[in-house]
Amino acid sequence: MQPPLPRSFYTRGAVQVARALLGKVVAHGQTSGTIVETEAYLGPGDDASHSARGITPRTRVIFGPPGHAYVYLIYGMYECLNLVAEPEGVPGCVLIRAIEPVSGLDQMRRRRGVARIEVLANGPGKLTRALGIHLRHSGTDVTRGPITVHPPARDTPIEIAVSTRIGITKCADLPLRFFIRGNPYVSRGSGAS
DNA sequence: CAATAGATCATCT
DNA sequence: GATGATCTATTGC
């Protein structure tokens, strides 16, 4: 596995980072997967983002230096993994919505309690469970670990498709969701194709 | 197949 | 006290 992506990768707009993350590999322990679906969350003006209403203890990390993990609990049940973008002081992050499992498949199956590979990590709450990512990982540096993001082992050409974000009620019309067109591991509830 | 109900809690008001 | 950037099981065609 190649070294993690440098902090400069994340030091740019959240939309750019969201697009650039497609095809990259996120790893935690022995488990890893290729990112196939992302969403960008901006700062003030994007009322769907947690950082829209300023700094709180939880959202502090989104305003901090790029290349860190922002993990939060949703619906009392599931953790969601974001990667912080933008220079320090500027809010913006990228939600990882789906990955294609690459390594540690048996451990992922055990953590998830399902066998079918297509369904192991094709959703934001599923992939954190498959990778063993928890709330306590919020604020950790993904250029150092334990969660890391790497270039793919083999660079394969991809076509990026764009749509509106899923599951939100505010700012629901912005084209800020990005996914690899035709990839079978993109989450359902999608306007894929 | 589509629609819906319920689980469950950190965070913010 | 209200609110979710979700998922699964179950119901009803």
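Letters A, B, ... mirror the listed sequences (proteins, then strands); counts begin at 1.
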Does A:Tyr41 stack onto the base of C:dA5, taking stacking as ring centres under 5.5 Å apart and planes under 30° apart? yes
ILVMFWY network linking A:Leu105 to A:Ile99, side-chain heavy atoms under 4.5 angstrom: yes
Can you identify which nucleotide, out of B:dA10, C:dA5, C:dT6, has its nearest atom closest to the A:Asn82 side chain? C:dA5
Would you call A:Glu86 and A:Arg12 a salt bridge, taking side-chain N to carboxylate O under 4.0 Å as the test? no
Do A:Val17 and A:Phe9 have side chains that approach each other closer than 4.5 Å (heavy atoms only, starting at C-beta)? yes
Is the phosphate of C:dA5, meaning OP1 or OP2, less than 4.0 Å from a side-chain N or O of A:Arg177? no
Taking OP1 and OP2 of C:dA5, is either one under 4.0 Å from a side-chain nitrogen or oxygen of A:His50? yes
Touch class at under 4.0 angstrom, heavy-atom based, for A:Arg165 against every strand present: nothing
G-U wobble or Watson-Crick pairing nucleotide for B:dA3 (cut-off 3.5 Å, both distances): C:dT10
Can you tell which of C:dA5, C:dT8, B:dA10 lies closest to the side chain of A:Tyr78? C:dT8
Picking from B:dT8, C:dA5, C:dC7, which would you name as closest to the side chain of A:Cys93? C:dA5
Is A:Arg112 touching bases, backbone alone, or none of the nucleic acid, heavy atoms closer than 4.0 Å? sugar-phosphate
Remember a base hit wins even if backbone is also touched, and classify A:Gly76 as base, sugar-phosphate or nothing at under 4.0 Å, heavy atoms. base
Between A:Arg7 and A:Asp141, does at least one N-O distance fall below 4.0 Å, as a salt bridge requires? yes
Mind checking A:Arg53 for me? I need base, sugar-phosphate or nothing, with any heavy atom below 4.0 Å counting as a touch. nothing
Less than 4.0 Å between a side-chain N and a carboxylate O, is that true for A:Arg165 and A:Asp46? yes
Closest-nucleotide mapping onto DNA chain C: is A:Tyr72 or A:Val114 further toward the 5' terminus? I mean the 5' end. A:Tyr72
Which nucleotide wins on minimum distance to the side chain of A:Lys126, given the candidates B:dT11, B:dT8, C:dC7? C:dC7
Checking base pairs now: Watson-Crick or wobble, both atom distances under 3.5 Å. What partners C:dA5? none
